[in-house]
There are 2 protein chains.
Amino acid sequence: MFDDSAPGTDRPLAGRATFLLSQLGFHVAQTFAARLAPLGIAPNHFGLLMHLERSEGNTQQQLADALGIHRKVMVGLLDELEQRELVERRRHPSDRRAHAIHLTEAARHLLPRARQVADQHEDEILTPLDAGERAELVAVLQRLAEHTGNAAGVHPGLHQPATRSRQPAD
Amino acid sequence: MFDDSAPGTDRPLAGRATFLLSQLGFHVAQTFAARLAPLGIAPNHFGLLMHLERSEGNTQQQLADALGIHRKVMVGLLDELEQRELVERRRHPSDRRAHAIHLTEAARHLLPRARQVADQHEDEILTPLDAGERAELVAVLQRLAEHTGNAAGVHPGLHQPATRSRQPAD
DNA sequence: CTGTTATTGTCCGGTACGGTGACAGTTACT
DNA sequence: AGTAACTGTCACCGTACCGGACAATAACAG
């Protein structure tokens, strides 16, 4: 595994923070998707549901803006969530061309479980670190994330297929 | 039943290390691909070229094993690199059915530039951190990466697009 | 009030990519 | 020799992304 540990000449990939971030980020996304799969949702669904919790009745356009994605992607996302009966497209009270998106009761039951999954996942990923190190890591990552210019809580890869159908076979 | 979820005040996504890792990892991959694009190669090409530097004359199968990908992916990767005249498929001295992969002179000229791009990229990403914090971050990330079980230096998303030149316009 | 323009949400088609199965050439084993 | 195993390649297929176009509705000018 640690074959290419050539010290000296050029820094190996595993010594670059950028590579580690990309590698870990990918792994985290993969495993989180696998953990979430039994609940019938993908990570992007989870993010959307969490956002919906605080923005009941918003239009699809508002949601798309908030998550930094295109309206078309929101259509697909909501289609999937609606099919799982986690959201409802109701009539918007003041704008009849828009939909007011609401969480269903099922979603309110699902969300705590999903959050628990996320907590377990986080705990597993951070196993090697103690509490202090975890807090410090989060603080550092937040500083880095802030510097990137990405809005807080907005995942730039939300348009991606969200790593679906990757059964926890590995 | 268990109303343990305080509505609206749960830990936001931006407070989870897993989300930050995924978000940052994606952003890093994106921007690195953009930075590497002018050189005519993608991040996975870069990783392969770096590996080839130390394993001249290996077969495609050996390379695929080392990078943790399938032989078929290696075919495509080498096709692209060969088209850019960065690698050569020579006759394997002892096994006539296999190819011996070698870097070209152009690749030896390109690699230092690519490494420089990677250094600049790393420096930009880590701008908010001082030298001590950077070293500590790398150390922590290495511990986490080791715990995931992924081989060091092997990017689990090597099969993914990761290659597309996403304009940093957004 | 009427007509024009902008917005919302949806659908459709082209395009590219990842993943799978089969295939020729070569080697290794009996 | 003859057969099994391996390497590298190709062709196929299902799927996801991206663009434009569209109906319905709203907002606004005159």
Side-chain angles (χ1 to χ4, degrees), chain A residues 26 29-30 33 37 42-45 48 52 55 57-83 87-102 155-167 169-170, chain B residues 26 29-30 33 37 42-45 48 52 55 57-83 87-102 155-167 169-170:
Chain A
F26 196 89
Q30 292 265 83
N44 48 9
H45 297 148
L48 176 52
L52 278 170
S55 48
N58 274 27
T59 69
Q60 301 186 189
Q61 179 66 52
Q62 288 172 320
L63 295 173
D65 289 345
L67 296 192
I69 65 183
H70 201 269
R71 353 180 234 273
K72 292 167 107 176
V73 187
M74 186 56 64
V75 172
L77 246 44
L78 289 174
D79 283 348
E80 293 161 357
L81 289 178
E82 196 176 35
Q83 189 178 359
V87 304
E88 284 178 349
R89 289 191 231 231
R90 302 184 190 163
R91 278 236 163 284
H92 195 282
S94 60
D95 190 337
R96 290 184 54 195
R97 68 195 156 159
H99 288 155
I101 308 302
H102 289 267
H155 197 299
L158 238 176
H159 333 85
Q160 291 264 343
T163 326
R164 43 157 277 175
S165 82
R166 275 272 192 183
Q167 298 300 354
D170 61 314
Chain B
F26 195 89
Q30 292 265 88
N44 47 9
H45 296 148
L48 175 53
L52 278 170
S55 48
N58 275 28
T59 70
Q60 302 187 188
Q61 179 67 51
Q62 288 171 320
L63 295 174
D65 289 344
L67 296 193
I69 65 184
H70 202 268
R71 339 181 242 272
K72 297 187 169 181
V73 187
M74 186 56 64
V75 172
L77 245 45
L78 289 175
D79 282 349
E80 293 161 357
L81 290 179
E82 197 175 34
Q83 189 177 359
V87 303
E88 284 178 350
R89 291 191 230 232
R90 304 184 189 164
R91 278 235 165 283
H92 195 282
S94 62
D95 189 339
R96 289 185 53 193
R97 68 194 157 162
H99 288 156
I101 309 301
H102 288 267
H155 197 300
L158 239 176
H159 333 86
Q160 288 264 340
T163 322
R164 301 268 284 288
S165 59
R166 284 265 199 181
Q167 317 288 14
D170 194 333

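What you see below is based on every heavy atom in this structure, not just the backbone, and it leaves out hydrogens, waters and symmetry mates. Order of the sequence lines sets the chain letters (A, B, ...), proteins ahead of strands, with each chain counted from 1.
Listed nucleotides C:dT10, C:dT8, D:dT7 differ in distance to A:Gln61; the shortest reach to its side chain belongs to C:dT8. Of the listed nucleotides (D:dG8, D:dT25, C:dG9), D:dT25 has the atom at the smallest distance from the side chain of A:Arg96. Side-chain atoms of B:Thr59 lie closest to D:dG8 of the nucleotides D:dG8, C:dT26, C:dT8. Distance from the side chain of B:Arg89 is smallest for D:dG8 among the nucleotides C:dT10, D:dG8, C:dT8. Of the listed nucleotides (D:dA26, C:dG9, C:dT27), C:dG9 has the atom at the smallest distance from the side chain of A:Arg71.
Comparing A:Lys72 and A:Ser94, the nucleotide of DNA chain D nearest to each residue sits closer to the 5' end for A:Lys72.
Computed from coordinates, the A:Glu88 CD to C:dG9 C1' distance equals 18 Å when rounded to whole Å. Spacing between atom CD1 of A:Ile101 and atom P of C:dG9 amounts to 7 Å, rounded to whole angstrom units. Remark: P of D:dT15 and CD of A:Glu80 are 14 Å apart, rounded to the nearest angstrom. If you measure from atom CD1 of B:Ile69 to atom P of D:dT7, you get 14 Å, rounded to the nearest angstrom. In this structure, the CZ atom of B:Arg91 is 16 Å from the P atom of D:dT7, given to the nearest Å. Note: NE2 (A:His99) to C1' (C:dT10) measures 10 Å, nearest angstrom. Separating the CZ atom of A:Arg97 from the C1' atom of C:dT10 is a distance of 15 Å, rounded to the nearest angstrom. If you measure from atom NE2 of B:His70 to atom P of D:dC6, you get 13 Å, rounded to the nearest angstrom.
With a 4.5 Å cut-off on side-chain heavy atoms, B:Ile69 and B:Leu77 count as touching.
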Apply side chain to side chain contact (heavy atoms under 4.5 Å, CB included) to B:Asp65 and B:Gln61, showing your working.
CA-CA 6 Å; B:Asp65 289 344; B:Gln61 179 67 51; 3.0 Å; yes
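In terms of heavy atoms, B:Ala100 sits closest to B:Arg91 at CB-O, 3.9 Å. The shortest non-hydrogen separation linking B:His102 to B:Gly57 is NE2-CA, 3.5 Å. The minimum heavy-atom distance between A:Ile101 and A:Gln60, with the atom names listed, is CD1-CG, 3.9 Å.
At the phosphate of C:dT8, neither OP1 nor OP2 sits under 4.0 Å from any side-chain N or O atom of A:Gln60.
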